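Inspection log for the structure reproduced underneath, given as structure tokens.
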Protein chains: 2
Amino acid sequence: MQPVGLSGARIIAPRGRDAISTEAETIAAGDAQAGQKPAASLHQRILGEIRERILTGEWPPGHRIPFEHELAASYGCSRMTVNKALSQLAATGLIERRRKSGSFVRRPASQSAVLEIRDIGEEVRDLGLAYRFEIAARARRKATIADRERLDLAAPGPVLVLTCQHFAGARPFCLEERLINLAAVPEAAEADFFEEAPGPWLLHRVPWSSAEHRITAAAAEGPAAQALRLAPGTPCIVVERRTWSAEQTVTHVRLTYPGDTHALVARFGPGGGG
Amino acid sequence: MQPVGLSGARIIAPRGRDAISTEAETIAAGDAQAGQKPAASLHQRILGEIRERILTGEWPPGHRIPFEHELAASYGCSRMTVNKALSQLAATGLIERRRKSGSFVRRPASQSAVLEIRDIGEEVRDLGLAYRFEIAARARRKATIADRERLDLAAPGPVLVLTCQHFAGARPFCLEERLINLAAVPEAAEADFFEEAPGPWLLHRVPWSSAEHRITAAAAEGPAAQALRLAPGTPCIVVERRTWSAEQTVTHVRLTYPGDTHALVARFGPGGGG
DNA sequence: CAGTGGTCTAGACCACATA
DNA sequence: ATGTGGTCTAGACCACTGA
């Protein structure tokens, strides 16, 4: 963690990048990234060194980072290379760039966490348990008012209602209550969801999607409690997800996990990206 | 949403980018981004048009995107400009790049959600309610084994233990149980947390941080139930966060929210970054 | 008005994976 | 061996914006 003087560590690069490669990597070795990554490319190294200064507090929030042309001179590289590093830092939220003024270290406004909602089957298997699922109920109907609300539909249309139980070994792992917009995914009407659970089935068929998640806690009640084999009143994590694809709502799913067994874990590298 | 033929929309750019600017923007107008953003810069426009093809399913997962030099020729720009767009698409996880093979549309493997854990005070005020907090307990002690586990500390050291109640109007909003590593933040020992709650206080003093979040559901018990004025057994969302700064654990906090009142909401643009 | 970041170019060399 | 993406350059013009 000893600092490499930014203005001090001047690297001479007569032409091309290979001229600096050996020397630069020697200097960078086990430094910028706290000894983790070799930081192969120059812009990566620049990024790492600046990030380190911010993370250690050497450059506190509000501090003005050297101008692009200054950094370019310091590192003996072109401005584009510096720009690539700074742009990425700005994209991840670590710095803020203002024309005419320069680039500044941002104050971390809010904590954000990147939650990865993985495939349930994979998750269970990763725990070293046998995975199994079961379609407990299946119905096709014209969207009720409640359905339309869940799917954010303007007009009523055909929907598929599914209840699916996921098991880890012999024990229930998760209860899935799903609504599929058949206007968006007509093929779902004929799917049997025997090989593939509805989640992965959709994931493999619907091109790309954005989603909105809502996480709450609720007490297990009646049928849900029975499906999860929990005493009524047991606290559960409920994850509700609404998925869009190309401006159309595809599905709404409510996943209920026993709260004492299950936890959602999220890591956060300052900015969510890098 | 009508497709602009990628190979068809050839734009002649004799030299400099201004030569294409008017023409290009006319072509791009209200097209690539579904008529939302002007897509000022060329690499942004390229990115948008490719993303649109992926999102609509025109280019399904596994599809090979035109090579950089092909796109460069199509758009009549340099390879770097195309590269910028493709790199960004790769960074957000929409495509995957392989040397020698090309760039491919990725199959969305897992849903990831960006959870924004906001400042509690701000959150309450945004709801239009009066915010107030209260330090209910405060103690300084040598880290117990449990403390060391929560803070991931190798050796015992001084810690500050805080219990803080957050109110929305007259009603309890959240219970905060916090542990601060005084080796990392010695100033905390003298802080009174009268003006500023421990969360923002740390946020303003500790440079930058990464964190690990753990979200579970639990039943309100004894003192916690009393603090939140809940009947024992009421399901609650529990958010635990461990925060590092420069290789040192700074704090561990457990936030307990009444589960029926509170929900964590996360939006997700495919990839988390964009 | 001066200076910053934003963008773009027309080359170039390299590592690397694949055919 | 071939061709891809990865990286970098040494310029350039522009828009914006703060002094």
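Residue numbering restarts at 1 for every chain, and letters A, B, ... go by the order of the sequence lines. Being a predicted model, the structure only gives us computed values, none of them experimental.
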### Query
Is Glu68(B) paired with Arg79(B) through a side-chain N to carboxylate O contact shorter than 4.0 Å?
yes

### Set of salt bridge (charged side-chain N to carboxylate O under 4.0 Å, His left out) partners for Glu96(A), sequence neighbours left out
Arg98(A)

### Query
Arg97(A) has an atom CZ; how far is it from atom C1' of dT4(C), in whole Å?
9 Å

### Message
What contact category does Ser103(A) fall into here, base, sugar-phosphate, or nothing, at under 4.0 angstrom with non-hydrogen atoms?
### Response
sugar-phosphate

### Task
Would you kindly give the CD1-to-P distance between Ile95(A) and dG6(C), to the nearest whole Å?
9 Å

### Residues in salt bridge (charged side-chain N to carboxylate O under 4.0 Å, His left out) contact with Arg64(A), at least two apart in sequence or another chain
Glu70(A)

### Query
Could you state the CD-P distance from Gln88(A) to dT7(D), rounded to the nearest angstrom?
9 Å

## Note on the structure
Contacts of Phe133(A) meeting ring pair (Phe, Tyr, Trp, His ring centres under 6.0 Å) (sequence neighbours excluded), chain-then-number -> none

## Note on the structure
Between CD of Glu68(B) and P of dT4(D) the distance, given in whole Å, is 10 Å

Table of protein N/O atoms under 3.5 Å from nucleotides 1-3 of chain D N/O atoms:
from: dT2(D); atom 1: O2; to: Lys100(B); atom 2: NZ; distance (Å): 2.7
from: dG3(D); atom 1: O4'; to: Lys100(B); atom 2: NZ; distance (Å): 3.4

### Message
Rounded to whole Å, please give me the gap between CG in Leu42(B) and P in dC14(D).
### Response
17 Å

### Task
Tell me, please, which residues at least two apart from Arg214(A) pass salt bridge (charged side-chain N to carboxylate O under 4.0 Å, His left out).
Glu240(A)

### Message
Could you work out, with side-chain contact (heavy atoms from CB on, under 4.5 Å) as the rule, every residue matching Pro207(B), not counting sequence neighbours?
### Response
Ser245(B)

### Message
Applying side-chain contact (heavy atoms from CB on, under 4.5 Å), can you list everything that pairs with Ala113(B), at least two apart in sequence or on another chain?
### Response
Leu115(A), His213(A), Ala266(B)

### Task
Would you kindly give the OH-to-C1' distance between Tyr75(A) and dT9(D), to the nearest whole Å?
18 Å

### ring pair (Phe, Tyr, Trp, His ring centres under 6.0 Å) against His63(A), all qualifying residues, sequence neighbours excluded
Trp59(A)

#### Entry: Under 3.5 Å side-chain donor-acceptor pair for Thr251(B) and Arg178(B)
yes

### Task
Let me know, please, whether Ile65(B) or Ser101(A) comes out on the 5' side of the other along DNA chain D by nearest nucleotide.
Ile65(B)

### Query
Can you tell me how far C1' of dT9(D) sits from NE2 of His43(A), to the nearest Å?
15 Å

### Query
In residues 78-86 of chain A, which ones come under 4.0 Å of DNA chain C, going by heavy atoms?
Arg79(A), Met80(A), Asn83(A)

### Task
Using a cut-off of strictly less than 4.0 Å, decide whether Gln44(A) has a side-chain nitrogen or oxygen near OP1 or OP2 of dG6(D).
no

